[in-house]
Structures are given as structure tokens and as C-alpha cells.
Amino acid sequence: MNLRLQGKRALVTGSTAGIGFAIASVLAAEGASVIVSGRTQERVDKAIKSLREINQGAGVTGFAGDLGRREVVDKLTANVDSVDILINNLGIFDQKPFTDIPDEEWIRFYEVNVLSGVRLSRFYLPRMLKRNWGRIVFISSEAAVNTSAEAIHYGVTKTAQLALARGLAAMTAGTNVTVNSVLPGPTNSEGVHNYVVELARARGAETTVVEKELFQTVWPTSLLRRFATPEEIASLVVYLCSPLAVATNGAALRADGGVVRSIL
């Protein structure tokens, strides 16, 4: 399918690996020019090289820095004055008992998972509205509606993204700008892959056995019964970026493999 993204300029935060990298790759394959971002120049350069190898002739550039910091966002926006597509994918995750999470860690999770998207959207959304075209997508998580006791601070930030996206969408009424969020479920990202490999090594078991057991114990409601691939998440995200998806606005779309049992 031609998603009509030729000539569009996209910024994908947290895109040197995992879901962000997959989104950047599909956008590039659809003809968009893509700005990838990561915390280090080394990872950004590696991602750019890989994307150019996967998508011959793709227009890919990069930005290195911690976008959870206001001054780094200011540096990015000073160099990139407008984009047609903004994917707020940057995020951090950790598991820790609620009573062991200090204020500083709560603040850091909000800075990275929420305020990075706030700051970038505050800069780019008015420009999209002025041009009467644009797409903003927040990559949330099934944890936004299915928060676990082991990662409450993470779940709270992911819920905040849903409210943020819906509120921003209200600003786009009557325009060709949309703001949506996507809720991935268990996905075979870089961090998850490494976790499963380490768990399998510690137990002396095959990774396939460990994955099967995780879906029996941690995600028993999953209908997919396996980790989604980053590319399977990216296909939904990139569709939302298309002119074909203009009727989808202010929505929170689940790509959770059926983990969440509610129908809404």
C-alpha cells in the first residue's frame, strides 16, 4: 500500500533500536525523510547506517542527546525548525517496589517519558496547525491501562501520555492535523530480548521455553501468545502518519496482542 508519505519529514525519538528504529525504517521505506535520535552519537550513527542499508537511497539524518532534558530539546528544535510527523517514542522503564521509588526517580521518569513529548509537541504542533497538516503519535504502552505493581511509575507516565495526546488532539479540530497514541503490548525490543536471553542463561533453558512460560505467568491473557515484533507495532504507527488515516484522531489504539481484556 502506498501511504502517501513521500516528501514528508519525520522525527522519531528514541529510534536507535526497537520499536523506534522499526518505525523509522518503515517511514523511510514509504518515502519520508527521517530524523533518528538517541542518547549517544555512536548509536545514532549506527542506526543511520543500518537504515540506509535497509532502505537504499533513504533520506536519514540523526540527532544525539538526552531529550529528557529541556536544554537538549531546545538544541534539537533550534536545528530542526519543522517536521510533518512527530513520533514521541522516547521512554525509560524499570521495575521497582513502589515504596523504593524516590522523588528523583519519579521526576526523571516524567522528564523522559512525558515532558520530552510535551516540549516537542509544544514546538512542532503550532507549526503543523499553521500548515494545516501534521501527525503526532505517542508510543504509550498497555501498561497505561494495565499497570503492574512492579512498575507503577512507568505505568503512570504511560497513562499521562494518553491524556496528553487526547488533549492535544482537541486543539486540531477542523484541521488536517491528528494526534493519536499507540499502546504496544509485550514486544521483542532490544531490552526485552536481552532480558529473556539472560533469564534463559541463568536457568539453563532455551529462550523459546522462557518466552512460553512468561506468557503463561506474566501475560496469560495474551491472544498473540508471543512477543510482537517491533515491525508489527511500526506498521500501525506509520499508517496513523498517513493521509489515509485522517479520520483517526484523538484515539488510543492498542497493539497489545490482546493482553488487555477490555473492549474499549
Side-chain angles (χ1 to χ4, degrees), residues 3-5 8-15 19-20 23 27 32 35 37 67-68 70 73-74 76-77 80-92 106-107 109-147 153-185 233-256 260 262-264:
L3 295 180
R4 305 176 191 173
L5 292 174
K8 301 297 185 185
R9 189 185 202 189
L11 168 63
V12 186
T13 67
S15 49
I19 292 173
I23 293 169
L27 283 168
I35 304 163
S37 80
L67 292 174
R70 182 178 59 189
V73 172
D74 290 343
L76 169 61
T77 55
V80 181
D81 62 352
S82 68
V83 296
D84 301 295
I85 297 166
L86 170 62
I87 309 296
N88 288 308
N89 174 71
L90 178 65
I92 55 177
W106 275 98
I107 292 168
F109 265 68
Y110 258 87
E111 286 274 341
V112 176
N113 293 4
V114 182
L115 284 177
S116 62
V118 167
R119 290 163 178 153
L120 289 167
S121 300
R122 186 167 57 203
F123 184 85
Y124 290 117
L125 178 57
R127 289 160 172 78
M128 294 178 182
L129 293 172
K130 186 176 181 179
R131 295 194 307 274
N132 195 31
W133 204 95
R135 297 287 184 269
I136 298 178
V137 182
F138 286 83
I139 308 304
S140 180
S141 167
E142 53 90 12
V145 295
N146 197 30
T147 301
H153 53 338
Y154 174 76
V156 169
T157 61
K158 290 298 167 178
T159 304
Q161 287 182 318
L162 303 186
L164 174 57
R166 187 61 183 87
L168 293 178
M171 298 173 58
T172 70
T175 74
N176 289 310
V177 180
T178 67
V179 184
N180 294 289
S181 52
V182 170
L183 289 71
I233 308 301
S235 61
L236 173 59
V237 175
V238 176
Y239 167 72
L240 291 174
C241 297
S242 166
L244 304 177
V246 69
T248 305
N249 195 8
L253 293 94
R254 285 169 22 206
D256 65 334
V260 180
S262 66
I263 61 174
L264 297 176

Within-4.5 Å side-chain heavy-atom neighbours: Asp256 and Leu183: no
Which pair of heavy atoms, one from Gly250 and one from Arg166, lies closest together, and at what distance? O-CD, 3.0 Å
Any salt bridge between Asp84 and Arg131, counting N to O under 4.0 Å? yes
State the NZ-OG1 distance between Lys130 and Thr175, to the nearest 0.5 angstrom. 15.5 Å
Asn249 and Thr172: side chain donor to acceptor below 3.5 Å: yes
For the side-chain contact (heavy atoms from CB on, under 4.5 Å) test, which of Ile35, Ile87, Leu90, Val73 pairs with Thr13? Leu90
Side chain to side chain, Leu76 and Ser37, heavy atoms closer than 4.5 Å: no
Could you state the interatomic distance from CG (Asp81) to CZ (Phe123), rounded to the nearest 0.5 Å? 6.5 Å
Distance col, row Leu162:CG vs Thr157:OG1, nearest 0.5 angstrom, shows 10.0 Å
Rounded to the nearest 0.5 Å, what's the gap from OG on Ser140 to CG on Asn113? Could you check? 9.5 Å
CG-CZ distance between Leu5 and Arg135, expressed to the nearest 0.5 angstrom: 8.5 Å
Quick one, Ile139 with Ile23, criterion side chain to side chain contact (heavy atoms under 4.5 Å, CB included). Give me CA distance, side-chain angles, the key distance, then yes/no. CA-CA 11 Å; Ile139 308 304; Ile23 293 169; 4.0 Å; yes
